[in-house]
Amino acid sequence: MHSPSLSPNRPAARCIAYGYAVRTTLPLPGAIARTGDGAAIDIEVIEAPVSGGGAIDGPYQRVPGGVIFTARNVARYLCTATSISIERNAGVSDERVAGLLIATALPACLWMRGEIVLHAAAVVLPGATRAVAILGASGSGKSTLLHALVARGARVLADDSLCVSPGAAGRGLAGGYFLGSEPRIFHAVRPEQSLLSAPLAAAIILDLPRSSGVAVISRLEPLAAFQALLDHRHRPRIPAVLGLEAGLLPRLASLAQMLPVHRWQRREGRAALGAEELTLLARL
């Protein structure tokens, strides 16, 4: 096992994350590498001192033009729509800093850019052209299911957070996924198994508790679908801190009307995908 990296002075690299061109001095697991082609940079990630602050809401502080996210004993992240400045605590590894960069800081940028960010994985099944978003609370099995689908030839669109654009197109960190309990291990996928963007065919919510009988996938009515999307936003306190809630609700309602949302009760005790489950997924 390699030692944790503590290298804040490495050269910046270009990559694609959630469909945006990012230049970063930190590793960004799941982002797709991009060679320097002179194209404009959408989001710049650097390590620099972070100062300032305003009203505090838990780990978040609203500041002019953005928000500061403080991860105790790890780092402070100053997030705007176009940049993230990171001030790490002494001795903290790249892996820990990058983990919260992709879990919280980058989603904060996306919210500020007017995106909808869902707590979801997403894949395109073999033979399909549209993606299925997999929503669920932490521990519901999103990554385990993603791993099983990739093993069957699915292409990765997103791991733990999914950016949804008008028209229900999805974008994420498509280069791999994290699996297991802490510390979670990153599993890279081959380039041909990753997609930068894809239209969404449906969203499925992994329901708990699981079914004692056969697996069941049932479609939600629009009002229940809206509530489900509202409940499964990624880092929902960020748009609240930034005062973005009022403009977000109509857009979520529109998405719930456009995108079929289903609830999936998997069979209790089953980890592997059954033939009947694959059939149900293929019909979405």
Report task. State, without any angle test, whether Y60 and T70 hold a side-chain donor-acceptor pair at a distance under 3.5 Å. Result -> no
Report summary line: Rounded to the nearest 0.5 Å, the CZ atom of R96 sits from the CG atom of L101 at a distance of 14.5 Å
Query - Validation row: R76, Q61 side chains within 4.5 angstrom (heavy atoms) - result: yes
Report task. Looking only at non-hydrogen atoms, find the nearest pair between V164 and E115 and report the distance. Result -> O-OE1, 3.9 Å
**Report entry** Same apolar cluster: V22 and I46, side chain cutoff 4.5 Å
**Finding:** no
Query - salt bridge (charged side-chain N to carboxylate O under 4.0 Å, His left out) between R62 and D57, intermediate numbers included - result: CA-CA 8 Å; R62 186 170 181 177; D57 184 347; over 6 Å; no
Query - Close side-chain approach of V123 to L125, heavy-atom, < 4.5 Å - result: yes
Query raised in the report: Salt bridge between R155 and E192, side-chain N to carboxylate O under 4.0 Å?
Result: no
Query raised in the report: For the hydrophobic clusters of this structure (ILVMFWY residues joined by side-chain heavy atoms under 4.5 Å, transitively), does one cluster hold both I41 and I102?
Result: no
Requested in this report: Could you tell me whether the side chains of R235 and T104 share a donor-acceptor contact shorter than 3.5 Å?
Outcome: yes
**Report entry** Side-chain donor/acceptor of S143 to backbone N/O of F178, under 3.5 Å
**Finding:** yes
Query raised in the report: Linking I/L/V/M/F/W/Y whenever any side-chain heavy atoms sit under 4.5 Å apart, do L135 and L230 land together?
Result: yes
**Report entry** Approximate separation, where rounding is to 0.5 Å, of D42 CG and R23 CZ
**Finding:** 11.0 Å
Report task. For residues I204 and L281, determine if any side-chain heavy atom of one lies less than 4.5 Å from a side-chain heavy atom of the other. Result -> yes
Query raised in the report: Is it true that a side-chain atom of Q193 and a backbone atom of V156 form a donor plus acceptor pair closer than 3.5 Å?
Result: no
Query raised in the report: Should D159 and K142 count as an ion pair when the cut-off is N to O under 4.0 Å?
Result: no
Query raised in the report: Do I217 and R263 touch side chain to side chain, with heavy atoms closer than 4.5 Å?
Result: no
Query raised in the report: Side-chain contact, heavy-atom cut-off 4.5 Å: L145 with L206?
Result: yes
Report summary line: Value for CD1 (I84) from SG (C109), rounded to nearest 0.5 Å, stands at 3.5 Å
Report task. Without swapping roles, check the side chain of W264 against the backbone of S218 for a donor-acceptor pair under 3.5 Å. Result -> no
Requested in this report: Rounded to the nearest 0.5 Å, what's the gap from OH on Y77 to OG on S85? Could you check?
Outcome: 12.5 Å
Query raised in the report: Are P59 and R237 side-chain neighbours, meaning at least one heavy-atom pair lies under 4.5 Å?
Result: yes
Query raised in the report: What is the minimum heavy-atom distance between R171 and Y20, and which atoms define it?
Result: NH1-CE1, 3.6 Å
Query raised in the report: Is there a side chain to side chain contact (heavy atoms under 4.5 Å, CB included) between L195 and V124 once you walk through the steps?
Result: CA-CA 8 Å; L195 287 170; V124 175; 3.4 Å; yes
Report summary line: Looking only at heavy atoms, the pair that brings L100 and A71 closest together is CD1-CB, 3.4 Å
Requested in this report: For the pair L278 and R152, evaluate side chain to side chain contact (heavy atoms under 4.5 Å, CB included) and give the outcome as yes or no after the intermediate values.
Outcome: CA-CA 10 Å; L278 291 169; R152 290 177 174 268; 3.2 Å; yes
Query raised in the report: Checking side chain to side chain contact (heavy atoms under 4.5 Å, CB included) for the pair C15/T24: CA distance, chi angles, key distance, verdict?
Result: CA-CA 8 Å; C15 59; T24 175; 4.2 Å; yes
Query raised in the report: What distance separates I134 CD1 from T144 OG1, expressed to the nearest 0.5 Å?
Result: 10.5 Å
**Report entry** Pairing of R233 and E245 as salt bridge, 4.0 angstrom limit
**Finding:** yes
Report task. Taking the side chain as every heavy atom from C-beta outward, state whether I68 and C79 have any pair of such atoms under 4.5 Å apart. Result -> no
Report task. Report yes or no: does R113 contribute a side-chain atom to a donor-acceptor pair with the main-chain N or O of A81 at less than 3.5 Å? Result -> yes
Requested in this report: Verify whether the ring centers belonging to Y177 and H147 lie closer than 6.0 Å.
Outcome: yes
Report task. Please say whether more than 12 non-hydrogen atoms of neighbouring residues, nucleotides or ligands are located less than 6.0 Å from CZ in R251. Result -> yes
**Report entry** S194 side chain to P191 backbone, donor-acceptor under 3.5 Å
**Finding:** yes
Query raised in the report: How long is the gap from CG on L242 to CD1 on I238, to the nearest 0.5 Å?
Result: 7.5 Å
Query raised in the report: Going only through I, L, V, M, F, W and Y residues with side-chain contacts under 4.5 Å, is there a path from I32 to L28?
Result: no
Query raised in the report: Is any side-chain heavy atom of I205 closer than 4.5 Å to a side-chain heavy atom of L220?
Result: yes
Report summary line: When every non-hydrogen atom of V67 is compared with those of A108, the smallest separation belongs to CG1-CB, 4.3 Å
Report task. Please test L179 against I185 for side chain to side chain contact (heavy atoms under 4.5 Å, CB included), starting from the C-alpha separation and ending with a verdict. Result -> CA-CA 5 Å; L179 192 64; I185 304 300; 5.7 Å; no
**Report entry** Where L26 and E47 come nearest, the two heavy atoms and their spacing
**Finding:** CD2-OE2, 3.9 Å
Query raised in the report: For the residue pair V261 and A228, what are the closest heavy atoms and their distance?
Result: CG1-CB, 4.5 Å
Query raised in the report: Can you hop from L244 to L162 via hydrophobic side chains spaced under 4.5 Å?
Result: yes
